[in-house]
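What follows is one structure encoded as structure tokens, with my remarks underneath.
Quick caveat: nothing in here was measured; it's all calculated off a predicted structure.
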Amino acid sequence: MHPSLMRAGARGIKLQASWRLAPLLPVRIMSSLIHLIYNSAATQAMSPSELAALLEQARNKNAAAGITGMLLHVDGCFFQVLEGPAAAVEAVVAQIAADPRHTRMTTIIKEPLAQRAFGEWTMGFAQMTAEELGPLEGLNDFFTAGHVLTEIDSGRAKKVLEAFRQGRWRVKLSAPAALNTAARGARSADLAGSAAPARASTGAAEVPRPAFSMAYQPIVDANLGKVVGYEALVRADRHQPTAEVLQRLSLEEFAAFDEDARRMAIGLATRLGLSCQLHLNISPHLRLVAPRTLQTTLETGARCGLSASRLVFEIKHEATVNEPTPLAAWLQPCREQGVKISLDNFGSGYAGLALLDQLQPDMLSVGMWMLRGIEGHGPRQAILRGLAQTCTDLGIDIIAKGVETLEEYSWLRDEGITFFQGFLFAKAGFETLPRPMLPADLA
């Protein structure tokens with residue numbers, strides 16, 4: 001029996017523990033070792049006998065595969081460290097991911113390993129009464145006094161285990177949000193504040209259509225269940241994406257094009273009945289954009305009945321901004337008139353911490369590079385949680401852009417993200433203000 005064994009004297013006291021048993025494998029340095037840490041949520045409550053059966057299954061399977069580690073269970077959350085040859089670990093993880101007894105599996109760490117840190121640990125977990133655990137050899141105090149944690153070699157795995165013991169990296173299964181599939185097949189769910197879809201008139205007596213036009217993609221406030229803004233996106237005259245237009249321009253033409261695009265976006269959006277904010281992109285070649293062109297944008301808005309307070313200037317992540325202080329000064333006159341500033345695709349290109357500090361925007365967006373598959377990607381989850389806390393402290397709104405799956409949406413909602421944009425809700429509509437679909441829990 002391990003000397004740090006702790007037992008409760010009264011039946012009914014809950015213990016949250018793992019078991020430490022005799023070594024399954026000799027501790028030795030192996031080639032191509034990795035360790036992988038994940039967490040997941042149990043899909044249903046498990047009885048003591050079911051937990052014991054799962055323990056035995058994991059112990060035998062991992063021993064046969066040459067895998068060591070630790071498996072913990074607490075309050076419906078699984079947390080496991082696996083170490084061994086890369087191919088063996090990946091094969092076991094694939095089998096684990098397909099197990100219907102858990103879901104929302106998130107990889108927290110996956111990296112090469114010089115030698116095993118858990119060579120004398122087998123798999124084990126439990127949340128049972130002390131009396132139920134009594135006959136089981138090797139009960140350790142991971143969740144109580146924590147002496148066993150001090151015996152683990154220092155490293156990232158130990159740090160993450162300590163975070164788990166302190167209550168982080170816990171994931172519980174909540175009722176999943178599901179799209180109203182009937183509505184998806186038939187028609188979009190109505191949203192308060194969204195304009196009816198419409199087409200720009202193209203009659204023969206009107207001014208000829210230019211070589212480009214605009215598409216609009218809605219931004220949804222999931223708390224309020226309505227559209228709060230549309231991002232204007234340049235499209236070629238046959239609906240091709242922005243790149244089809246930009247590649248036709250010389251560098252010297254960018255400034256005039258940037259100004260024309262914003263003015264066209266305002267004029268078309270107001271004709272379509274825009275009743276919320278309009279997000280306008282600022283050229284990535286900021287050094288070519290004169291301050292007066294921003295003023296003409298505001299003047300166009302005023303003529304169209306769109307006040308400066310309903311405009312959001314999005315600084316593109318490709319923007320060639322090496323020094324953010326001049327940019328902040330360049331935008332200040334617009335901010336004084338009520339324009340809001342957003343950093344687009346934060347963390348990409350130059351849209352980083354220096355801009356966040358110097359510009360102190362009203363909002364920022366995180367894009368597909370961070371959000372794609374985030375429900376199963378631990379490092380990006382940690383990054384976004386830290387960013388969300390920073391934005392909360394600074395009073396900055398976060399827009400999750402490029403959301404495409406219910407799993408991404410559900411994880412982000414659980415983390416308190418409110419504003420969304422992406423194909424899950426609506427694709428950009430060419431010369432229309434499309435009505436998005438909402439997950440059924442917000443309908």
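At least one side-chain heavy atom of Leu412 sits under 4.5 Å from a side-chain heavy atom of Leu384. With contacts defined as side-chain heavy-atom distances shorter than 4.5 Å, the pair Glu431/Arg235 does not qualify. Two residues are said to be in side-chain contact when any heavy atoms from C-beta on lie closer than 4.5 Å; Thr390 and Leu356 meet this criterion. Taking the side chain as every heavy atom from C-beta outward, Tyr216 and Leu268 approach each other to under 4.5 Å. Side-chain contact between Met105 and Val93: present, with at least one pair of heavy atoms (C-beta onward) separated by less than 4.5 Å. Side-chain contact check for Asn62 versus Gln80: some heavy-atom pair is nearer than 4.5 Å.
Checking side-chain atoms of Gln381 against main-chain N and O of Ile374 turns up a donor-acceptor pair under 3.5 Å. A donor-acceptor contact shorter than 3.5 Å links the side chain of His102 to the backbone of Ile96. Remark: the backbone N or O of Glu314 is not paired with any side-chain donor or acceptor of Asp344 at under 3.5 angstrom. The backbone N or O of Phe313 lies less than 3.5 Å from no partner atom in the side chain of Arg262, so there is not a single donor-acceptor pair. Glu408 places a side-chain N or O within donor-acceptor distance of the main-chain N or O of Gly373, the cut-off being under 3.5 Å. No donor-acceptor pair closer than 3.5 Å links the side chain of Glu375 to the backbone N or O of Thr106. One N or O on the side chain of Thr43 and one on the backbone of Arg101 form a donor-acceptor pair closer than 3.5 Å. Asn39 places no side-chain N or O within donor-acceptor distance of the main-chain N or O of Phe79, the cut-off being under 3.5 Å. Tyr230 places no side-chain N or O within 3.5 Å of a backbone atom of Thr432 that could act as its donor or acceptor partner.
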For a side-chain hydrogen bond (donor to acceptor under 3.5 Å, both in side chains) check, start with the C-alpha distance between Thr296 and Glu259, then their side-chain angles and the critical distance, and finish with the verdict. CA-CA 8 Å; Thr296 61; Glu259 179 181 8; 2.7 Å; yes
Does the pair Asp414 and Arg104 meet the rule for a salt bridge (charged side-chain N to carboxylate O under 4.0 Å, His left out), with working shown? CA-CA 12 Å; Asp414 287 346; Arg104 295 183 64 180; 3.3 Å; yes
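Pairing each heavy atom of Trp330 with each of Pro333, the nearest pair is O-CD, 3.5 Å. Counting all heavy atoms, side chain and backbone alike, Ile341 lies closest to Ile315 at CG2-CG1, 4.2 Å.
The aromatic rings of Phe425 and Phe420 are tilted relative to each other, their planes meeting at an angle between 30° and 60°.
Under a 4.0 Å N-O distance rule, the pair Glu299/Arg263 does not qualify as a salt bridge.
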